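It should be emphasised that the depicted structure is a prediction, and the values quoted were computed from it without experimental measurement. What you see below is based on every heavy atom in this structure, not just the backbone, and it leaves out hydrogens, waters and symmetry mates.
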Number of protein chains: 2
Amino acid sequence: MAGAPVPDIVVGRLPLYLRALVQMGDEAKEVTSSQQLGDRLGISSAQIRKDLSQFGEFGKQGTGYNVAFLIGQLKRILKVEKIWDVALVGVGDLGRAVAHYAGFIDRGFRIAALFDSDPAKIGTRVDDLLIEDTGTMVESIRARGLKVAMLAVPARGAQVVAEKLVEAGIQAILCYAPTSINVPANVRVQYIDPVLRMQQMTHYL
Amino acid sequence: MAGAPVPDIVVGRLPLYLRALVQMGDEAKEVTSSQQLGDRLGISSAQIRKDLSQFGEFGKQGTGYNVAFLIGQLKRILKVEKIWDVALVGVGDLGRAVAHYAGFIDRGFRIAALFDSDPAKIGTRVDDLLIEDTGTMVESIRARGLKVAMLAVPARGAQVVAEKLVEAGIQAILCYAPTSINVPANVRVQYIDPVLRMQQMTHYL
DNA sequence: GCATGTGAACGGATTCACAGCG
DNA sequence: CGCTGTGAATCCGTTCACATGC
């Protein structure tokens, strides 16, 4: 049922479905149902069926969903069939950890460029990847045509860097800096701040 | 207006408000309004007022909110006035990065115990903190009375470890493992999986 | 005047429940 | 019979708009 605008909250669940399906595939499961998938994820089967139905009819009545097929469809919808080259800005402790994280490549992302403003770091390498100057970042990102970036600078500098990323043509930013950033509506931002999640939980203790 | 059950989605925004207010405090701002706060965060002022009103009347009509006072109230509500001692399970690359992350202590959390199942790591230290055996984890966590844990083991092992944490009396788990875990309803889980966020964004590119 | 706190109105998301089909 | 896909119904969250009070 393509055509109508799909709610963002639905798109946000698709990666979760994909992750669970890949696990099922690893377990040599060939077919599954909305019920099984929901049980794994703590989501109702109706929710899953409705979400998927926004993009097409992927299941068979009485049978369920073919795991490999649905994985393929979700990858297509999420545009992660190919690997995205990503720029990483900020190579402090956090940025280094992100750069070393092995979990990206299998799921659609490769860190392809590093940037920092510290002269002591510029020109050095992290795993064979050169750290470039943020002063020349805009041109460098433009030249490579990168569309996705990760932000791992201190909160203070995040807004300024974000604006440069937008200027460079970046359209999606994963922000590890513990602050909100303001960007034009056509640029997507997602935040990773573990402390927010921790503080949410402690309320209930 | 305490008494009624507050929606989880509201509790989830409070840490965001707290973070922005602390920033304002750092900027020596003494008073703010729901409008100002909302502009920073990309949230409507009505939303912020309604969220806060769930817990009391913290503002003054015609004036707004006292920043320091509201920070104190939010810390109280979120129970982060004191520092929580946290167990970290899994001291691989990811776990080490989490252990080194300097952003926890200022915001209510201290990593106070490390666990791993690798004999080569057990008994060694990370920043003066001993890595203990997961085999003796349940007793160790119980003995210290820890209530909060972070999970940084491979996806495969996450469920088993989660069950041990529950057995040990842990009531809140921050899960860095890229998988869903099932725990009793009285235990809270929050997930950090940057790839999910990335895949959500690429859909729109 | 200005900004909060809040009932009422609205809109959107989830769940229900079943027709349809393998 | 089993499970999907989906309109209808329900539930929940957000926004509106204004009375209240500094």
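The residue L52(A) sits apart from the nucleic acid: no heavy atom pair falls under 4.0 Å. Nucleic acid contact for S45(A): none, since no nucleic acid atom lies under 4.0 Å from a heavy atom of the residue.
At least one side-chain nitrogen or oxygen of R13(A) sits closer than 4.0 Å to the OP1 or OP2 atom of dT14(C).
A donor-acceptor distance shorter than 3.5 angstrom exists from the side chain of S33(B) to the backbone of Q36(B), with no hydrogens or angles considered. Of the possible polar contacts, none joining the H203(A) side chain to the V11(B) backbone as a donor-acceptor pair under 3.5 Å is found. Using a distance-only test at 3.5 Å, with no hydrogens or angles considered, a donor-acceptor pair links the side chain of Q199(B) to the main chain of R107(A). Put simply, the side chain of S140(B) never gets that close to the backbone of M137(B): no donor and acceptor are under 3.5 Å apart.
The side chain of S34(A) lies closest to dT4(D), out of dT14(C), dT6(D), dT4(D). Closest approach to the A46(B) side chain among dT6(D), dT15(D), dG5(C) is made by dT15(D) (side chain taken as heavy atoms from C-beta onward). Ranking dA3(C), dG5(C), dT14(C) by closeness to the I9(A) side chain, first place goes to dT14(C). Checking dT15(C), dC3(D), dC16(D) against every side-chain atom of Q47(A), the shortest atom distance belongs to dT15(C).
Both K50(B) and Y65(A) lie near DNA chain D, and the one whose nearest nucleotide falls closer to the 5' end is Y65(A). For the pair D8(A) and G62(A), both in contact range of DNA chain C, the more 5′-proximal nearest nucleotide belongs to D8(A).
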